[in-house]
Amino acid sequence: MSKLDKTEVLSAFEAAYEAANGKKPEITTKPGWYSIDGGKNLRLADVAELTKELSSGKATPAPAEKAPAKKTKTKKAAPVTAQKTAPFTVVTQSEDGYTAEELWIVILARKDHDCRLPRGVV
């Protein structure tokens, strides 16, 4: 495997990218990875291959400039008709109010999604 010089590869890529797209690329460097215009992270060898593609004329649009894929019809989820039953019993307030455990049970029972009680609460 040949050794790639980081500065040479990046400068060649910048020149090829600017020639193909008419603007300078925004390259974000992370240890061992390079992100071009906020796109996918690439290794230095991938950047070198992308440089060859851009300079050979088989230029693909920049990762940030790609058009979003058209979505096909998505199936709508069937509405849930079954009533949820709480896995715990809801208590009624006494004269002194709720205990801490009872308060948690009441608060979680009012929510519209499935909740679990905190640890230690039966």
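These numbers were taken from a predicted model, which means no experiment stands behind them.
Of all heavy-atom pairs between Leu54 and Ala16, the closest is CB-CB, 3.9 Å. For the residue pair Ser35 and Asn41, the shortest heavy atom distance occurs at CB-OD1, 3.4 Å. When every heavy atom of Thr51 is checked against every heavy atom of Val9, the shortest pair comes out as OG1-O, 4.3 Å. The minimum heavy-atom distance linking Leu44 with Lys6 is given by the pair CD2-CA, 3.9 Å. When all heavy atoms are compared, the tightest approach of Tyr34 to Thr29 is CE2-CG2, 3.6 Å.
Put simply, the side chain of Tyr17 reaches to within 4.5 Å of the side chain of Asp37, judged on heavy atoms. Looking only at side-chain heavy atoms (C-beta outward), Tyr98 and Ile105 stay at 4.5 Å or farther from each other. Between Ile27 and Glu14, some side-chain heavy-atom pair lies under the 4.5 Å cut-off. Side-chain atoms of Arg43 and Trp33, non-hydrogen and from C-beta on, do get closer than 4.5 Å to each other.
Here the CG-CG distance, from Leu50 to Leu42, works out to 7.0 Å after rounding to the nearest 0.5 Å. The structure places NZ of Lys52 at 14.0 Å from CZ of Phe13, a figure rounded to the nearest 0.5 Å.
Under a cut-off of 6.0 angstrom, the local environment of CD in Glu26 is sparse, with at most 12 non-hydrogen atoms contributed by other residues, nucleotides or ligands.
Applying the side chain to side chain donor-acceptor pair (under 3.5 Å) test to Thr7 and every residue at least two apart in sequence or in another chain returns Asp5. With sequence neighbours left out, Thr99 forms a side chain to side chain contact (heavy atoms under 4.5 Å, CB included) with Glu101, Glu102.
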